[in-house]
Amino acid sequence: MTSPTPASDGTAGPASGPVSDGTSAPATGTPPIVDEPAAAAPGTSAGTVPPGPAGVPLLPAQTPGRKGHTGPTVVVGTYADYPLAQQAVDHLSDNKFPVERTSIVGTDLRLVETVLGRLTTARAAAAGAASGAWFGLFIGVLFGLFSDSNWFAVILTTVIVGGVWGAIFGAIAHAATGGRRDFSSRSSLQAAQYAVIADAEVADEARALLVRLNWKASGAE
């Protein structure tokens with residue numbers, strides 16, 4: 001009689017031999033069990049952007065509350081400044097055109113800082129005094145509404161105090177620059193040109209309306 005082959009853990013097993021962990025091997029022809037893949041995250045499907053630590057990111061066209069252009073767009077007019085582009089879209093709106101299918105796009109953006117003039121300590125103090133006086137007027141009106149004192153005296157006092165403190169802070173702020181910025185300026189973001197674009201399905205209608213606007217602007221009928 002044939003003696004059984006000892007298993008790796010020291011126990012007797014069948015002649016075919018057990019697996020190393022003491023369990024019987026699967027029968028011949030039985031497919032191995034494969035773990036199922038992890039389930040997809042809620043709210044996602046194949047081909048979509050996977051969620052991150054802050055959730056599923058939104059693309060620009062998926063911004064809630066605003067419908068983006070889903071189809072091709074066509075440029076129906078280009079203008080040198082924004083007021084002209086705004087006038088063009090306003091003309092389309094006046095002629096019952098669906099302006100929600102248009103956009104104004106500025107190209108070649110640049111930051112422009114317009115220098116207004118020379119800035120000295122005296123001018124900085126004067127500007128600070130004006131700002132402080134306006135703030136003092138606001139505080140004085142509030143105090144005058146909820147006070148039994150002379151309303152005019154309260155307002156005059158707060159305006160004077162606000163102007164004095166504003167002048168002091170304005171002069172100190174300018175002196176702290178050490179003369180590195182002895183000018184005042186105003187910054188603005190400008191574009192080289194502005195294009196009015198519309199969906200391709202309504203581009204011909206928009207272009208025809210804008211041609212009429214150009215005729216009127218040039219004096220032609």
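Here the structure is a predicted model, which is why all the values come from computation and not from measurement.
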**OP:** Would you please test Ile104 and Val89 for side chain to side chain contact (heavy atoms under 4.5 Å, CB included) and show each step?
**Re:** CA-CA 8 Å; Ile104 300 177; Val89 177; 3.7 Å; yes
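- Between Arg181 and Leu119 there is no side-chain heavy-atom pair separated by less than 4.5 Å.
- Interatomic distance, CG of Leu116 versus OG of Ser184, reported as 4.5 Å (0.5 Å rounding).
- Trp134 and Trp151 fall within a single hydrophobic cluster, where Ile, Leu, Val, Met, Phe, Trp and Tyr are joined by side-chain heavy atoms under 4.5 Å apart, directly or via other members.
- Pairing each heavy atom of Gly77 with each of Tyr79, the nearest pair is C-CE1, 3.8 Å.
- In this structure, CD in Glu205 is found 9.5 Å from CZ in Arg101, a value given to the nearest 0.5 Å.
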**OP:** Might you work through the ring-ring contact (aromatic ring centres under 6.0 Å, His included) test for Tyr194 and Tyr82, ending with a clear yes or no?
**Re:** CA-CA 6 Å; Tyr194 297 86; Tyr82 179 77; 5.8 Å; yes
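- In this structure, a donor-acceptor pair under 3.5 Å is absent between the side chains of Gln193 and Thr78.
- Between Arg123 and His174 there is no side-chain heavy-atom pair separated by less than 4.5 Å.
- Of all heavy-atom pairs spanning Arg180 and Ala176, the tightest one is NH2-O, 4.0 Å.
- Remark: side-chain polar atoms of Thr177 are not paired, donor with acceptor, to backbone N or O of Ala173 under 3.5 angstrom.
- Under a hydrophobic-cluster definition in which Ile, Leu, Val, Met, Phe, Trp and Tyr are linked whenever side-chain heavy atoms come within less than 4.5 Å, directly or via other members, Phe143 and Val161 are assigned to different clusters.
- Between the CG atom of Asp199 and the CD atom of Glu100 there is a distance of 9.0 Å, given to the nearest 0.5 Å.
- Both Val202 and Val196 are assigned to one and the same hydrophobic cluster, defined by single-linkage of ILVMFWY side chains at heavy-atom distances under 4.5 Å.
- Listed by chain and residue number, Trp165 satisfy the ring-ring contact (aromatic ring centres under 6.0 Å, His included) test with Phe169 (two or more places apart in sequence, or in another chain).
- Within 6.0 Å of atom CZ in Phe138, 12 or fewer heavy atoms from other residues, nucleotides or ligands are found, so the atom counts as exposed in its surroundings.
- The line from OG1 of Thr121 to CG of Asp182 is 7.5 Å long, rounded to the nearest 0.5 Å.
- Val141 and Phe135 sit in two unconnected hydrophobic clusters of ILVMFWY residues. Membership requires side-chain heavy atoms under 4.5 Å apart, directly or through other members.
- To the nearest 0.5 Å, atoms OG (Ser93) and CZ (Phe97) are separated by 10.5 Å.
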Solution key, residues 152-160 side-chain donor-acceptor pairs under 3.5 Å, sequence neighbours excluded:
residue, atom, partner, partner atom, Å
Thr157, OG1, Ala153, O, 2.7
Thr158, OG1, Gly136, O, 2.8
Thr158, OG1, Gly140, N, 3.4
Thr158, OG1, Val154, O, 3.1
Thr158, OG1, Ile155, O, 2.9

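- For the pair Leu111 and Ser187, the minimum side-chain heavy-atom distance is below 4.5 Å.
- Between Leu92 and Leu210, the closest side-chain pair of non-hydrogen atoms falls below 4.5 Å.
- Across all their heavy atoms, Ala203 and Val74 have their closest contact at CB-CB, 3.9 Å.
- Leu145 and Leu137 end up in the same hydrophobic cluster when Ile, Leu, Val, Met, Phe, Trp and Tyr side chains are linked at under 4.5 Å.
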